[in-house]
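In what follows, a single structure is set out as structure tokens and then discussed.
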Amino acid sequence: MKYYSTRDKSKITFDSAQVIKKGLAEDGGLFVPESMPEISKEEILALCEKNYPERAAYVLSKFLTDYSQEELLKDCEAAYCEGSFPGGAAPLKKVTDKLFSLELWHGPTAAFKDMALQIMPRLLSRALIKTGENNTALILVATSGDTGKAALEGYKDIERIKIMVFYPVDGVSKVQKLQMATQTGNNVQVCAIKGNFDDAQNGVKNIFSDAKAKDNLLKHSYILSSANSINWGRLAPQIVYYISAYCDLIKAGEITYGETVNVCVPTGNFGNIFAAYIAKMMGLPLNKLICASNANNVLTEFLQTGTYDRNRQFHVTMSPSMDILISSNLERLLYFSSSASETADYMADLKTTGKYTVSGAIKEKIDKNFVGYFASEEETANTLKKFYDEHHYLADTHTSVALSCAEKYMNEVNDGKKIIVASTASPYKFAADVYHAISRKDASADTGALDDLSALTGTEITLPLRNLAQRPIRFEQIIEADEMLNEVYKFM
Ligand SMILES: *Cc1c(COP(=O)(O)O)cnc(C)c1O
């Protein structure tokens, strides 16, 4: 399987190991596979009998063809082991007759980013060897909270790799901030920046496209690599759990093979939902992909009107990992709905004017697979409380956005199909807002919210979040967005 850039008309190809190492294409585009491997009924029925690491290795082997089956199985077994994901990697919980919660947050940092970031460092480590790389890989990450911590956990103390994380100083939850500030490992650096997530992401993108910086780094034996969801090594492992969830629905007797189900995903950078689209393109019987947004509803508007317009007010919400106005992975959807040259044109428009409008033909193609809804802050809180009170299901704020949108879809479309809702974080990761939504009272103190939520609901604090406040703070630095490159040099 070869890959090329979403913006490259001449289609220069790369192997999967190269693509995982590079992260972003040189022309600024994102890597996409040259063709879509298929997954048949027989294969899915066979996967029903396998455990999660086996399912993951099988699906990944279709995309990462320069990795051997043995390598992939070994890495998947290590990544999704019982020690990292107690009780299994992606359990599917029945919430109502129609709604199923695909819980993707049972890993080391209590958010779904672990699903990719526990395996990706292992894939990168092999990629360095496979491509004959002698330099140290420096991972730069812009994060709205969850990616940063998950990447730090995945990459810490991995040889020949260093990792540096930038986050918007007021754009992450208190728990997220503490998680990052107390990160261990001797190859890690964490910086808060004055600005929002897009400022952090643009800062990282600018460093990646800065030829002089690249030379400078190389002189000191460093190459840049990314762990953001624009990296194919992040995206590929996310395809697995949609296939796995479909298998689990069959195993539970909820569906028989062929019955289509909807998938609803709380969306920010459009990575998670795009992975569901890939699963669908492979032949998994999925119906609609419901793109759930919060008050930053740029994607809802895009899916409704065909116009993507980032020139709008930025809202800080209780689902901060979705507070994003430039959803980078959308570029991959444009590519699969049009061509490299059209994609390059739209991205150029986005860069210069902050917006673009897709052609009628592209919109029609997207409409066949996607539908967009958003939930206001009030709807998110009300939905959270409703699912707790009526269905005894404790969701985090991001998952609640998706639950709210799934309900809107059911009311509006009423297709009677089952819906898999991607549950992306532990409720304890956003404990203060979850506590407030249920009790309508403020929690006692920043990290005390964890204890308050536990006392209120009689549930246990998710393991990796216990005793956070007792851990030593290592990173407290706050910098201007235009100082990011300097910080990289300092760290190097
Ligand atoms: C990252 C994240 C999202 C958004 O996922 P994308 O792949 O960026 O669309 C949603 N919820 C949580 C909790 C996240 O950490």
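What you see below is based on every heavy atom in this structure, not just the backbone, and it leaves out hydrogens, waters and symmetry mates. Counting convention: from 1, in listed order, for ligands and their atoms alike.
When Tyr409, Tyr277, Phe274 are each tested for a ring-ring contact (aromatic ring centres under 6.0 Å, His included) with Phe370, only one passes: Tyr277. Under the ring-ring contact (aromatic ring centres under 6.0 Å, His included) test applied with Phe31, the options Phe63, Phe14, Trp232 reduce to a single match, Phe14.
Of the N or O atoms in His398, none lie within a sub-3.5 Å distance of an N or O in ligand 1.
Proximity of Lys113 to ligand 1, defined as any heavy-atom pair under 4.0 Å, is confined to the side chain (atoms from C-beta onward). For Phe112, every heavy-atom contact with ligand 1 shorter than 4.0 Å involves the side chain, none the backbone.
Using bins of under 30°, 30° to 60° and over 60° for the plane-to-plane angle, the ring pair Tyr4/Tyr335 lands in the perpendicular bin. Between Phe302 and Tyr356, the ring-plane angle classifies as perpendicular under the 30° and 60° cut-offs.
Among all non-hydrogen protein atoms, the one lying nearest atom 9 (O) of ligand 1 is Gly268 N, 2.8 Å. Looking only at heavy atoms of the protein, atom 6 (P) of ligand 1 is closest to Asn269 N, 3.6 Å. Nearest to atom 7 (O) of ligand 1 among the protein's heavy atoms is Asn272 N, 2.8 Å. At the shortest separation from atom 10 (C) of ligand 1 among protein heavy atoms lies Pro266 O, 3.5 Å.
Ligand 1 places these atoms under 4.0 Å from at least one heavy atom of Ala425: 13 (C). Heavy-atom contacts of Thr424 reach the following atoms of ligand 1: 10 (C), 11 (N), 12 (C), 13 (C) (cutoff under 4.0 Å). Set against the non-hydrogen atoms of Gly271, the atoms of ligand 1 under 4.0 Å away are 6 (P), 7 (O), 9 (O). The Thr267 neighbourhood of ligand 1 comprises atoms 9 (O), with distances under 4.0 Å to a heavy atom of that residue.
Between Tyr393 and Phe387, a ring centre-to-centre spacing not shorter than 6.0 Å is recorded. Remark: aromatic rings of Phe430 and His398 are close, center separation under 6.0 Å.
Electrostatic pairing of Lys149 and Glu153 counts as a salt bridge here, judged by a charged N lying under 4.0 Å from a carboxylate O.
Under the 3.5 Å distance criterion, with hydrogens and angles disregarded, no donor-acceptor pair is assigned to the side chains of Asp248 and Tyr52.
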